[in-house]
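Here the structure is laid out as structure tokens; the discussion comes afterwards.
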Protein chains: 2
Amino acid sequence: MREGPDIARIASLVGDPARANMLTALMGGTALTASELALEAGVSLPTASSHLSKLMEGGLLTLASQGRHRYYGLAGPQVAGMIEAITGVAAAVGPQRVRPGPRDAAMRVARVCYDHLAGEQAVAMLDRLVARQVLLRHDKEIRLGPSAASHFAAIGIDVESKARRPVCRACLDWSVRRSHLAGTLGAAILDKIIAEKWARREKDSRAVIFSPMGKQAFEKVFLG
Amino acid sequence: MREGPDIARIASLVGDPARANMLTALMGGTALTASELALEAGVSLPTASSHLSKLMEGGLLTLASQGRHRYYGLAGPQVAGMIEAITGVAAAVGPQRVRPGPRDAAMRVARVCYDHLAGEQAVAMLDRLVARQVLLRHDKEIRLGPSAASHFAAIGIDVESKARRPVCRACLDWSVRRSHLAGTLGAAILDKIIAEKWARREKDSRAVIFSPMGKQAFEKVFLG
DNA sequence: ACAATGCTTCGATGAAGGACGAACTATGCG
DNA sequence: CGCATAGTTCGTCCTTCATCGAAGCATTGT
């Protein structure tokens, strides 16, 4: 008999289809209300509420009450990373179900992973940054290279670590099966992409659609 | 309603306590038989068998039949990474700790973590080995230092990697919340400790009790 | 004050699945 | 062959928990 962290408790929270759908929906990074999550999960409002209280009790969600609205969000990057990891395994062992629909195609190209960019574009970006030694990669650990500060400052991103959260982190991409960039830098880059209107977020989806001009700009800055 | 990788299916596989214990046991990297896993999980053999077939069907395990023994192992690093991610979240959100009884006190000092030593002693040992640069640590990765071979040879441990399994691995200690040494080297050290009778294993427990002399010897060799 | 909206709690129902003993299959050993 | 060990399958019991309708709070709007 083993002891230690109660991994079964956490996993079983994710192990219910309704809750899994809610968590996946929250991977978009924005907090959602109970009704929205009920819709996402395909269950009634009471059922959703029950699930949400369980997820809260399990520490996987945060709650922000604003008037009569209650916004639920993922508890943090660690939780988001766990969901990604599970998604990766699910995608790897369940190839019988994945048929690349039109929306899925867009998802593979670029999507939001909690607070940073994922998908082919994101993987290509990390590869290029490492190749140019802007970032130094050592297995799963990613550090800033000597030229990183000036490189990112040139496009208006301050790489100084403000929070305890690591600046760079490798996050395994479930569609490409290789890592992309997470951490505060990954989040800042996504902010930049949206702020510059290089891309827009697909409504009710995690997909990120680049405009033709935006794609050029992105490639010039990060893949050039 | 969402689609995509069936994350609930995978998570619910891990979400059963018996299966979670089995998977945790397999995190050591070596394959185990059904009986051993039944013991780990604290369930009967038929129950374990049922769980194992579910884990197999879910693609989380590999099976190697050798005669009448059937060795189950984790399906790959991706699965191991997922377990690690879940464990991390569980440790972070689960400070609702059981109170430290007398046996737990011994467990915190030194215990077996599948095939290597864990607990305060193990954490101190790894710290010291890294400080003396016998081992070189880079975040989660641990490698042998230049003096490692001779250092361990002096106490009768061959650090040559015989199996595919890594020689060194960092394993997060759930009681101390810092890493200790796993991998073949960690296993060899535990073997040594038992073989030299520096310590004995508590019956039906993971606790490892050092004798006064054994503790001295251990500290001289590994903490000196 | 009253109604409307957003959400939670309660109670009843039903289905899923985890548990084990007993019986069965397969391999190894003399 | 007969016996022992390792595992799986089967049948049954029983707990757990997801689900929804109805009712209860809370906040906002009129």
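Only heavy atoms go into these numbers, but all of them, side chains included; no hydrogens, no water, no symmetry mates. This is a predicted model, so every value here is computed, not measured.
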Practice task
Classify the ring geometry between B/F218 and B/W198 as parallel (under 30°), tilted (30 to 60°) or perpendicular (over 60°).
Solution key: perpendicular

Problem - Protein-nucleotide distance (B/H51, atom NE2; C/dG18, atom P), rounded to Å - result: 6 Å

Handout entry: Where A/R201 and A/G28 come nearest, the two heavy atoms and their spacing
Key = NH1-O, 3.0 Å

Practice task
Just call it for B/T33: base, sugar-phosphate, or nothing, with non-hydrogen atoms closer than 4.0 Å on any strand.
Solution key: sugar-phosphate

Exercise for the section: Check the distance between C/dC10's P and A/L45's CG and give it to me in whole angstrom. Expected result: 17 Å

Fill in the blank from the handout: Scoring nucleotides 21-30 of chain C by protein non-hydrogen atoms under 4.0 Å (B base, S sugar-phosphate only, - none) yields BB----BS--

Practice task
Compare side-chain N and O positions of A/Y72 against OP1 and OP2 of C/dT8 and report whether any pair is under 4.0 Å apart.
Solution key: yes

Handout entry: Length of the CG-C1' vector between B/L52 and C/dG18, whole Å
Key = 14 Å

Handout entry: Polar side chain donor-acceptor pair, A/T33 to A/E36, under 3.5 angstrom
Key = yes

Exercise for the section: Identify the 5'-most and 3'-most nucleotides of DNA chain D with at least one atom closer than 4.0 Å to a non-hydrogen atom of chain B. Expected result: D/dA4 to D/dT9

Exercise for the section: Grab the CE-C1' distance between B/M22 and C/dA19 for me, whole Å please. Expected result: 12 Å

Handout entry: Test item: B/K192 side-chain N/O and B/G156 main-chain N/O as donor-acceptor pair under 3.5 Å
Key = no

Handout entry: Backbone N/O of B/A20 and side chain of B/T24: donor-acceptor pair under 3.5 Å
Key = yes

Completion exercise
Sorted by chain and residue number, the side chain to side chain contact (heavy atoms under 4.5 Å, CB included) partners of A/A80 (sequence neighbours excluded) come out as A/M27, A/L74, A/Y114

Exercise for the section: Assign A/S53 to base, sugar-phosphate, or nothing according to its heavy-atom contacts below 4.0 angstrom with the strands shown. Expected result: nothing

Exercise for the section: Send over the distance from B/L13 CG to C/dA16 P, rounded to a whole Å. Expected result: 17 Å

Handout entry: Flag, side chain of B/S12 to backbone of B/A8, donor-acceptor distance under 3.5 Å
Key = yes

Problem - Under 3.5 Å donor-acceptor, A/R19 side chain and A/H51 backbone - result: no

Problem - Sidechain-backbone polar pair: A/T47 side chain, A/V43 backbone, donor-acceptor under 3.5 Å - result: no

Problem - Spacing between A/L37 atom CG and C/dG6 atom P, to the nearest angstrom - result: 14 Å

